[in-house]
Asker: 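Okay, here's the structure, questions in a sec.
Whatever order the structure lists ligands and atoms in, that order sets their numbers, starting from 1. All residue numbers refer to positions in the sequence shown, counting from 1.
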Amino acid sequence: MLKIDTHAHVLPESWPDLATKYGDQRFAVIHQHEGHHRIYKDGKFFREIWPKTWDPQLRIAEYAAFGVQVQVLSTVPVLFSYWAKAHQALELHQHLNQHQAEVCRQFPRNYAALGTVPLQSPRLAIQEMERCVDQLGLQGVQIGSHVGDWNLDAPELFEFFQAAQDLDAAILIHPWDMMGGESMPKYWLPWLVGMPAEQSRAACSLIFGGVLERLPKLRICLAHGGGAFPLTIGRIEHGFHMRPDLVAVDNPRNPREYLSRLFFDSCVHDPQALRYLIEVVGADRVVLGTDYPFPLGEQKPGSGIDALALDQPVRCNLFHRNALRWLALPATRFALGDG
Ligand code: CO
């Protein structure tokens, strides 16, 4: 069966050192030393990466071992650089987008891709998104769960979402710059506690801000199963009913109605949580997503869905049909038919 992993990060083996070029240590840089590839940010070690982060053939072999044929590539959020001057971030983003396009050109049956854009300037972000889709042949863009002080309902960002809808571009929302990070220095809590909250912040902002209401054809997928959002939809809905004076100020529709408008990846690490997700958002809204190649990802791609022993039509939905609808791609683009 065709299996498409919608949440798979990629980086080039190296990228321009903007920290040195612009004298700003906040830019993530890559240092190669004695065979190690290490990312530094703010002058500190951030993460080591390995050949499977950049080598497309090695990746294909590795995920093929789990019966996955396609990855939808996206960059690593530490490179969003939304805090930077927009033209500097754009310089970095164009390098990353060019790399993704090259991988897709080389292996069109094994990769699709979502570019990255400097959302701190919606105007430049729209231009780069158009370049990604129209010139580079990418399927859309990955964006962060917020942009500096803007949540995704910020009026400044609306024209970007409108452009994505007009362009028929898919959007993946990925947590980053986790809320409360400063107050949670230990135990990897920004990843374990902050990330699920970031996804709920993004979903609630798009819903309550009326973005999804005003752009009914926008195709958005929330990584990490939408984080806390689907699991707390009852609370969110209750708040909407009990305090409309606080919640329903910009959009009068029940937030639950938008569950069937979004896509959610399957990367929740718990069969009961995945079963609940499928039940509450619908089997036509969940897509395989693994967070490859990182340690918090699903280490055996597809194993979470396999563990549920679902009927074949539902498995087809989760493994590829929903992803193809989100990406607006025909199954014939990839190695197998719509089996
Ligand atoms: Co990820």
Asker: Which atom, among the N/O/S set of His9, is closest to the Co ion (ligand 1)?
Answerer: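 Sorting the N, O and S atoms of His9 by distance to the Co ion (ligand 1) puts NE2 first.
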Asker: State whether a side-chain donor-acceptor pair under 3.5 Å links His36 with His31.
Answerer: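 Per modelled atom types, His36 and His31 side chains form no pair under 3.5 Å.
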Asker: Between the side chain of Gln71 and the main-chain N/O of Ala8, is any donor-acceptor distance below 3.5 Å?
Answerer: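 Answer holds: no.
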Asker: With a 4.0 Å cut-off, would you call Asp270 and Arg275 a salt bridge?
Answerer: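 Answer for the salt bridge query: no.
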Asker: Hey, which N, O or S atom on Asp291 ends up closest to the Co ion (ligand 1)?
Answerer: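 Per the distance ranking, Asp291 contributes OD1 as its closest N/O/S atom to the Co ion (ligand 1).
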Asker: Please find out if the Co ion (ligand 1) and some N, O or S atom of His174 are separated by less than 2.8 Å.
Answerer: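 His174 does place an N, O or S atom closer than 2.8 Å to the Co ion (ligand 1).
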Asker: Just to verify, which of His7, Arg59, Gln139 counts as forming a side-chain contact (heavy atoms from CB on, under 4.5 Å) with Leu73?
Answerer: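 For Leu73, the side-chain contact (heavy atoms from CB on, under 4.5 Å) check succeeds only for Arg59.
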